[in-house]
Amino acid sequence: MKLFLLCFLILIPAFLASEVWDSFKKTYNKSYATLGEENFRKQIFLERLKIIEEQNHKFERGLSSFSVTINQFADLTKEELFKTKPDGSQGGKVGSSARPSRPREDVPDSIDWRDYGVITPVVDQMFCESCWAFAVVGTVEAHVGIYRQEDVRLSQQNLVDCVDINFDCDQYLDIQMVDKTYQYITDNNGIDTVESYPYESYNVGPCRFSSETIGAKIAGYVNVTEGDEEELKTVVGTIGPVTVVITTDMMWGAYQNGVYYNEDCMNTTEIFNHVVVVVGYGNENGEDFWLVKNSWGTWFGQEGYIKMARNRDNNCGIASIARYPIM
Ligand SMILES: *[C@@H]1O[C@H](CO)[C@@H](O)[C@H](O)[C@H]1NC(C)=O
Ligand SMILES: *[C@@H]1O[C@H](CO)[C@@H](O)[C@H](O)[C@H]1NC(C)=O
Ligand SMILES: *[C@@H]1O[C@H](CO)[C@@H](O)[C@H](O)[C@H]1NC(C)=O
């Protein structure tokens, strides 16, 4: 399916476009309530195909470091996929409190924490803007693996329900959610296991935390110095994965392979719209990258992961709001 789309679509005649559309619907089990809805989705899909083709041609000619693909998000508008904030709202200056860890000589040139068996499987946040809960859970699970040698799965729903009673699944990302979440787990003296408190996808319920079913505790959390990719490398290389807040767009959502870099991707916190986990870094074909775990299931990117540009002026703000737990 993917190959067919990528190889043949650029000059696709109208009758074939319908075949590709049907094939897309079939692959991703898409169905639409009305014909109007379907036509609307098809239009988005066909426009996305064109953009994807253009990007992949740039990639093939060596003019870009990454390729993109059709995935299950190809019929969504940018607004549906990423809730970006209205201009100038919220935002806020992000402070920092650097805590240099170990001497930099110890920092490896590359690391992939998956090789240490401490990265839990990629999960799917589905249609709730709960990326922050998934990213913090993914980070804490990894640190529990590294420092306690335990394989735990923690409850995103515990966070969705309890961190901020005003949270709802449709809201714009509040960039303070990550700080609030780490603070919550610290003050609450733990977070429940996912078995005891499973994810409910779109529902925000009353807080049902139970101290009987705690999966992990943390002693606090640390802020990496804002925008300092070198310090982020030191932390990821010597301590463990880090939760980061970033800017994403449609091209990011369609990522397939290579090192994602977007010259339009800003590092100003006002437009941040997603939270993910940095689980490693390295260099691929001369491009430094951060290895990033997303929470859109394994259909996204490379089995759920994306490589994002490193040492390119903090592209997409990856080192702007970076936090990790103290175990
Ligand atoms: C579509 O549905 C089939 C059968 O229910 C399932 O096997 C397949 O994994 C689904 N595909 C996606 C993308 O959800
Ligand atoms: C991290 O930075 C945020 C934003 O400035 C601040 O509110 C928070 O208290 C800091 N957290 C720590 C642990 O330093
Ligand atoms: C933001 O990006 C600009 C240019 O892309 C860079 O000069 C600046 O240092 C970055 N700021 C931070 C805080 O990362």
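Quantities reported herein were computed from a predicted structural model and do not represent experimental measurements. Heavy-atom basis, side chains included; hydrogens, waters and symmetry copies ignored. Counting convention: from 1, in listed order, for ligands and their atoms alike.
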Enquirer: Tell me which one of Ile318, Asn267, Asp228 gets a heavy atom nearest to atom 11 (N) of ligand 3.
Expert: Asn267

Enquirer: Applying a strict 4.0 Å limit to heavy atoms, is Arg323 in contact with ligand 2?
Expert: yes

Enquirer: Does atom NZ (Lys58) have a neighbourhood of more than 12 heavy atoms from anything else shown, all under 6.0 Å?
Expert: no

Enquirer: Flag Asn314 as yes when one of its N or O atoms lies below 3.5 Å from any N or O atom of ligand 3, and as no otherwise.
Expert: yes

Enquirer: Check Val160 against Asn203 and note the closest heavy-atom contact, atom names and distance.
Expert: CG1-O, 4.1 Å

Enquirer: Any idea which atoms of ligand 2 are less than 4.0 Å away from a heavy-atom of Asn223?
Expert: 1 (C), 2 (O), 3 (C), 8 (C), 10 (C), 11 (N), 12 (C), 14 (O)

Enquirer: Kindly give the heavy-atom pair with the smallest separation between Ala319 and Glu229, and that separation in Å.
Expert: CB-CG, 3.9 Å

Enquirer: Please write down residue, atom name and distance for the protein heavy atom closest to atom 13 (C) of ligand 3.
Expert: Gly227 CA, 4.2 Å

Enquirer: Considering only protein heavy atoms, which is closest to atom 4 (C) of ligand 3, and at what distance to one decimal place?
Expert: Asp313 OD2, 3.7 Å

Enquirer: Flag the pair Tyr281 / Trp113 as yes when their ring centroid distance falls below 6.0 Å, and as no otherwise.
Expert: no

Enquirer: Within a reach of under 6.0 Å around CD1 of Ile165, are more than 12 heavy atoms found that belong to other residues, nucleotides or ligands?
Expert: no

Enquirer: Indicate, as side chain, backbone, both or neither, the part of Tyr182 found under 4.0 angstrom from ligand 2 when only non-hydrogen atoms are considered.
Expert: neither

Enquirer: Would you say Asn273 and Asp249 make side-chain contact, with heavy atoms under 4.5 Å?
Expert: no

